[in-house]
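Heads up: numbering here begins at 1 and tracks the sequence. Just follow the structure's listing: the first ligand is 1, and inside any ligand the first atom is 1.
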Amino acid sequence: MILVVNAGSSSVKYQLVDLDGPIRLKEGKIERIGEPGSDVPDHEAALLRVAEDVSMDSADLTAIGHRVVHGGPLFTGPVLITDDVVKQIEEAVPLAPLHNPSNLAGIEVTRRLRPDLPQVAVFDTAFHSMIPPAARTYAIDREVAERFGVRRYGFHGTSTAYVSRAAAALVGKPGTANVIVLHLGNGASASAVSAGRCVDTSMGMTPLEGLVMGTRSGDLDPAIIFHLIRGGMTPDEVESMLIHRSGLLGLCGDNDMRTVMERVESGDEEAALAYNVYSHRLRKYIGAYCAVLGRVDVIAFTGGVGENSALVRRNVLTGLEPMGIRLDPLRNVSVKGARLVSADDSAVAVAVVPTDEELEIARETSEVLARTKSE
Ligand code: ADP
């Protein structure tokens with residue numbers, strides 16, 4: 001049995017997974033950590049609750065797998081957590097100041113509670129660490145880039161690894177398919193994966209770049225930032241606006257895609273513009289990644305929007321028939337589960353794959369254990 005811990009800034013999500021048996025034995029979420037009026041003051045208190053719920057002292061527990069958002073430049077895959085690894089995750093805190101500290105807090109508590117158990121860190125950035133230099137390098141002064149650690153890292157890697165593998169299996173090309181993964185949730189990213197290896201991804205040094213998201217702008221002309229600062233905004237104000245008050249929210253006042261779409265249906269022009277900006281950007285990335293990959297076997301939709309919205313999938317792909325992409329309207333409906341939604345004669349398959357980051361973390365944790373045992 002493996003315990004998967006995803007310690008975020010204000011919540012801890014956890015799952016008890018048995019890779020051999022009925023997969024998910026238990027799952028839960030402790031919320032509102034450290035918020036006023038909450039009875040969970042900190043991550044220690046949250047993890048103690050998790051420990052009680054999953055019987056963390058049980059002899060059946062073989063390992064704990066932790067989600068860690070940023071692995072910095074060092075980590076190219078999951079690793080067994082040691083004191084050195086903890087130090088290196090601390091060094092990546094400036095790259096993910098909102099996420100890595102809470103991931104570390106979770107690790108610290110579970111290591112104290114079960115010092116005898118192997119614990120593994122699974123990084124969101126790791127799957128993207130193989131992105132070739134041409135795609136991960138920003139075209140700025142090299143010396144400056146090196147001094148400040150400026151490069152594309154990419155995020156959503158654990159989800160992208162899981163979804164690209166599942167989509168490749170769906171089209172009968174496990175391990176060899178060229179896949180475009182569109183992870184569309186509150187955060188959103190597109191990735192190009194060739195034979196299991198990520199070759200480009202839309203999020204960059206931070207999760208701000210790329211697609212239009214719920215509250216994040218995605219791509220923009222960097223000169224806009226200087227224009228705003230010279231106009232009187234502080235750098236912190238600009239950053240906060242781009243992260244928290246942009247994207248769908250900035251354009252129409254709603255960041256929840258369901259609400260945006262209801263407003264579009266009722267003829268709301270602001271919502272329609274927001275939705276069109278979102279779809280236009282997404283189409284641009286699909287085109288770009290078709291070019292990056294040369295041949296695409298399957299486009300896979302995942303995340304809250306990608307998995308549930310047949311309409312977004314249809315709107316985004318309509319007009320791409322000349323590129324060999326054709327949905328089947330009878331398949332592209334709102335049903336659950338991993339499946340193909342493209343027409344039989346579509347040169348490029350289209351899949352919907354519900355993501356499962358926890359299962360992927362459990363799987364990678366178990367692989368690290370097997371590797372360390374055989375060494
Ligand atoms: P997170 O990125 O926080 O994990 P999710 O992957 O759950 O979030 O995605 C949340 C988004 O999915 C929200 O914008 C929500 O409106 C959207 N969503 C969920 N169901 C639907 C649906 N049926 N149609 C359109 N959007 C949906």
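Residues S309 and M261 come closest through the heavy atom pair OG-CE, 3.6 Å.
Residues lining ligand 1 at a heavy-atom distance below 4.0 Å are given as G185, N186, G187, N255, D256, M257, R258, G303, G304, V305, N308, S309, ordered by chain and residue number.
Counted by atom type alone, Y275 and N315 present one or more donor-acceptor pairs between their side chains at under 3.5 Å.
A 4.5 Å side-chain heavy-atom check between V199 and N178 finds every atom pair outside the cut-off. When side chains are defined from C-beta on, V298 does not count as touching L170, because their heavy atoms never get closer than 4.5 Å.
The backbone N or O of S58 sits nowhere less than 3.5 Å from a side-chain atom of S55 that would complete a donor-acceptor pair.
Listed by first then second residue, pairs satisfying side chain to side chain donor-acceptor pair (under 3.5 Å) with a partner in residues 219-248 read D219-Y285, not counting sequence neighbours.
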